[in-house]
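Keep in mind that this is a model prediction, so the values were computed, not measured. Atoms considered below: every heavy atom in the structure, side chains included; atoms not considered: hydrogens, waters and symmetry mates.
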Amino acid sequence: MQLLTDYPWYFLLFCLLAGGVYAWVLYGLGRNKNADLPKWARATLPALRFVVVTLLAFLLLGPLVKRQVHDKERPIVVVADDVSASVTEHGYALGDEAWDPVTRRLEKDFEVARLPYGDGHFTDIAAALTDIKERYAGRNLAAVVLTGDGIYNRGQNPTGVAPTLAVPVYTVALGDTTPRRDAAIANVRYNRIAYMGNRFPVEVTVRATRLAGRHSTLTLRQGGTTLASQPLTYEGDNHTATVTLSIDAEKAGLQSYTLTLAPDADEQTTANNSRTLVVEVIDGHQKIAILAAAPHPDIAALRSAIEHNPNYEVDLFLPAKLAGMSPAQFKNYNLVILHNLPSVAADGLVRSVVAQLPTLFVVGLQTDLGRFNALHCGLEIVARTRKTDEVSASRNTAFSLFTLDDDLGRRLEQLPPLQAPFGDYHVAANVQTLFGATLGGVATGRPLVAFGQQEGIRRAYVAGEGLWRWRLHSYQATGSHDDFNSLVEKMMVYTSLQVGKERFRVTAQPVYTAGQPVELEAELYNDNYEPVNTPEVVMEIMTHSSVSRADSSPNLGEQPEIQHVSANDCGSNSSPKLGEVPEGRRSVSSYTFNRSGDGYVLRLGALEAGTYSYTAKTTFNGHDYKATGHFAIEEENLEEVTLVADHSLMNTLAASTGGTMLTADSLGRLPDLLAARDDIRSVIYTHTRYTDLLSLPWVLLLIILLFTLEWGIRKYFLN
């Protein structure tokens, strides 16, 4: 133990001086009064007062006690219990009667912690092991005991995670490894978003065990209507087949579909013979106007690529047609493409259109760069001469506004060069470059294809002409125009989306998976479109029905709606209708959003599978606002897909980490196995601790004792 203080050592002399002066004043000046005291008392009393006052003065210096502290931590054994449906619902879980005697024996030598993993929807063994690793980092983790049937249906393979724990993993294998007669929809792949009027595929993997030669039918229904079916024959006792069905997206909104695999009479369970899919069908019909300074091969290339998607309608406006047109005639268009514009003749019209609509600029040799720069659209080109550069595309891997397949990106980089104006290029801070311009293989730092956004209106820029060469080269390289068409479509999809400027809006995913936490966000803006979150936002969520029932799954045909309403309208129920659902199957819950940053957030946790609609309301500056929408929770019977326990995985996890696989019957061996290890022991941690001397109880007791002793002597002899 060591005493430390921030003051110089000679301050101790002042403390001694204070104690001596106080004792002399009290007892030295009053020596006649104390003449009746015994000689030992006349020496003891001033000494006691000197010590007490010196100690009190020293405490005023705030001294610290430096000590070396030794903490002993017993080895920790973490028991990870599999509580997933594949274990608990089939009676394989280990109860307290199995664990209690084992735990009592373990607690004699170890600190035991029990952590459950898995739930009724999925099992992620790797995530459970990772959680243990992070939770007990820096602790004396001795071993992990993992119970389970070895079935995981989410996350990575746990055999790659277990060795990173650096401790032995003892597994307790549960479940039944006997193959059962069963047919299941093992996996379904499909796009959660589709465009109305298109056909989209649903890829279904069917697995059958011990049903060789049996027949079944895979059926896809919406409500009571059969949309597609496929007869199946199971070939072999371990049959796996993939079937692709197609659906016509005929109605906009959230559409619920049910896949059903006709059960066999000898199947162990039919819970895995059905699957519900929820797809958001978007009315993607877009009207696009191409305004051009003159006929050009680029226009034909763009038009062909755009019209390849039946959801797009293209109108071409050349100078003769543009003459006399007003900006109001373009109000029904979703996107305007300006090729070699603005120009002297169309300057006023271009200015008005650019201010109102999403725009794709193709800047070429005929573009009036002075008028183009005057638009302040996010890109400015200061031309030095009338010369042009032949620049090639170099992909920016940090681009994040939309995804571009790596293979497609590499092929696009091989496209022939475009002719771009020669000059200094300046882009706004919010502009992202998809392809930069390279000259002779050297990056110029100039954008070739870029995207930005101004006041809720999106912009795209192609700083060069010659796109028709890109289309031809795409066909020569791959035998189709798909690469060029895909690039143009991605540009159209991103740019044509007009970002809403509603004063109040709520954001939710259209589809969540059962077990996934549901989180909604809300935004409110003042008159200057600055985010505020001072008023309270309340929400009512209506549960309509379960999507797991084939014939009663309603469809959400209405798109989310955001309205500005009067105070008298706020009491009405304007939740979108989801088909004719009996009132008994609806329930309404009320919530209040929490403030988060400049906005709001509502965390609902995991909800039951079904379809939900919501109505959020708030009042700000005397105006009432309302936002309505919907979402669905999609059920996945992952825990019912695989019924055969995988004890080989449990054995691999144990063997790869130096542990042992046990069974439920041999669980009692666990304490002996751990006790026999010589690499498991308690750890003593030594660290320095600094404590205020004043906070130590014995210091206070010492001062009280000294004062009491002095008072007792004086009281005894002077009374």
*Do the ring planes of Trp470 and Phe435 sit parallel (below 30°), tilted (30 to 60°) or perpendicular (above 60°)?*
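Trp470 vs Phe435 ring planes: perpendicular.
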
*Is the Phe402 ring parallel, tilted or perpendicular to the Phe451 ring (thresholds 30°, 60°)?*
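Correct class here is perpendicular.
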
I'd like to check [X] versus [Y] (side-chain heavy atoms, cut-off strictly below 4.5 Å). Are they in contact?
{"X": "Thr164", "Y": "Lys133", "result": "yes"}
{"X": "Phe122", "Y": "Tyr152", "result": "no"}
{"X": "Glu634", "Y": "Arg192", "result": "yes"}

Looking only at heavy atoms, which two atoms of [X] and [Y] are closest? And how far apart?
{"X": "Ala184", "Y": "Leu261", "value": "N-CD2, 3.9 Å"}
{"X": "Ala183", "Y": "Tyr234", "value": "CB-OH, 3.5 Å"}
{"X": "Phe361", "Y": "Arg459", "value": "CE1-CD, 4.3 Å"}
{"X": "Pro158", "Y": "Leu649", "value": "CG-CD2, 4.1 Å"}
{"X": "Gly175", "Y": "Asp149", "value": "CA-CB, 4.4 Å"}
{"X": "Thr433", "Y": "Pro447", "value": "OG1-CB, 3.7 Å"}

Is a side-chain N or O of [X] found less than 3.5 angstrom from the main chain of [Y], in a donor-acceptor match?
{"X": "His647", "Y": "Leu174", "answer": "yes"}
{"X": "Gln516", "Y": "Thr513", "answer": "yes"}
{"X": "Ser304", "Y": "Ala301", "answer": "no"}
{"X": "Gln432", "Y": "Ser400", "answer": "yes"}
{"X": "Asn334", "Y": "Ser496", "answer": "no"}
{"X": "Thr269", "Y": "Ala271", "answer": "yes"}
{"X": "Asp298", "Y": "Gly466", "answer": "yes"}
{"X": "Thr478", "Y": "Tyr475", "answer": "no"}
{"X": "Thr123", "Y": "Asn153", "answer": "no"}
{"X": "Asn157", "Y": "Thr159", "answer": "yes"}

*For the pair Ser84 and Ser86, evaluate side chain to side chain donor-acceptor pair (under 3.5 Å) and give the outcome as yes or no after the intermediate values.*
CA-CA 6 Å; Ser84 62; Ser86 63; 3.3 Å; yes

*Between Glu313 and Gln286, does a side chain to side chain donor-acceptor pair (under 3.5 Å) hold up when you go through it step by step?*
CA-CA 6 Å; Glu313 176 184 345; Gln286 304 277 326; over 6 Å; no

Would one find more than 12 heavy atoms of other residues, nucleotides or ligands at under 6.0 Å from atom [atom1] of [X]?
{"X": "Arg603", "atom1": "CZ", "result": "no"}
{"X": "His90", "atom1": "NE2", "result": "yes"}
{"X": "Glu307", "atom1": "CD", "result": "yes"}

*asked:* Filter on salt bridge (Lys or Arg N to Asp or Glu O under 4.0 Å), then keep only pairs touching residues 255-275, sequence neighbours left out; what's left?
replied: Arg214-Asp264, Arg214-Asp266, Arg275-Glu636

*Is Glu413 paired with Arg395 through a side-chain N to carboxylate O contact shorter than 4.0 Å?*
no

*For the pair Arg199 and Asp248, find out whether any cationic side-chain nitrogen is under 4.0 Å from an anionic carboxylate oxygen.*
yes

*Kindly indicate, with the supporting measurements, whether the criterion side chain to side chain donor-acceptor pair (under 3.5 Å) is fulfilled by Asp182 and Gln268.*
CA-CA 6 Å; Asp182 184 61; Gln268 178 74 23; over 6 Å; no

*Reported CD1-to-CG distance for the pair Ile125 and Asp646, which is rounded to 0.5 angstrom*: 8.5 Å

*asked:* To the closest 0.5 Å, what do you measure between CG (Leu277) and OG (Ser256)?
replied: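 Reported value, rounded in 0.5 Å steps: 7.5 Å.
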
_For Arg221, the option from Thr260, Leu227, Leu259 that meets side-chain contact (heavy atoms from CB on, under 4.5 Å)_ = Thr260

*salt bridge (Lys or Arg N to Asp or Glu O under 4.0 Å) between Arg411 and Asp406: does it pass, once the steps are laid out?*
CA-CA 9 Å; Arg411 290 195 298 270; Asp406 288 338; over 6 Å; no

*For Arg180, enumerate each residue passing the side-chain hydrogen bond (donor to acceptor under 3.5 Å, both in side chains) test, keeping only those at least two apart in sequence or located in another chain.*
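Listed in chain order: Tyr92.
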
*Are His215 and Thr233 close enough that a side-chain donor and a side-chain acceptor fall under 3.5 Å?*
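Distance-only check passes for His215 and Thr233.
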
*With a 6.0 Å cut-off on ring centres, are His296 and His339 close enough?*
yes

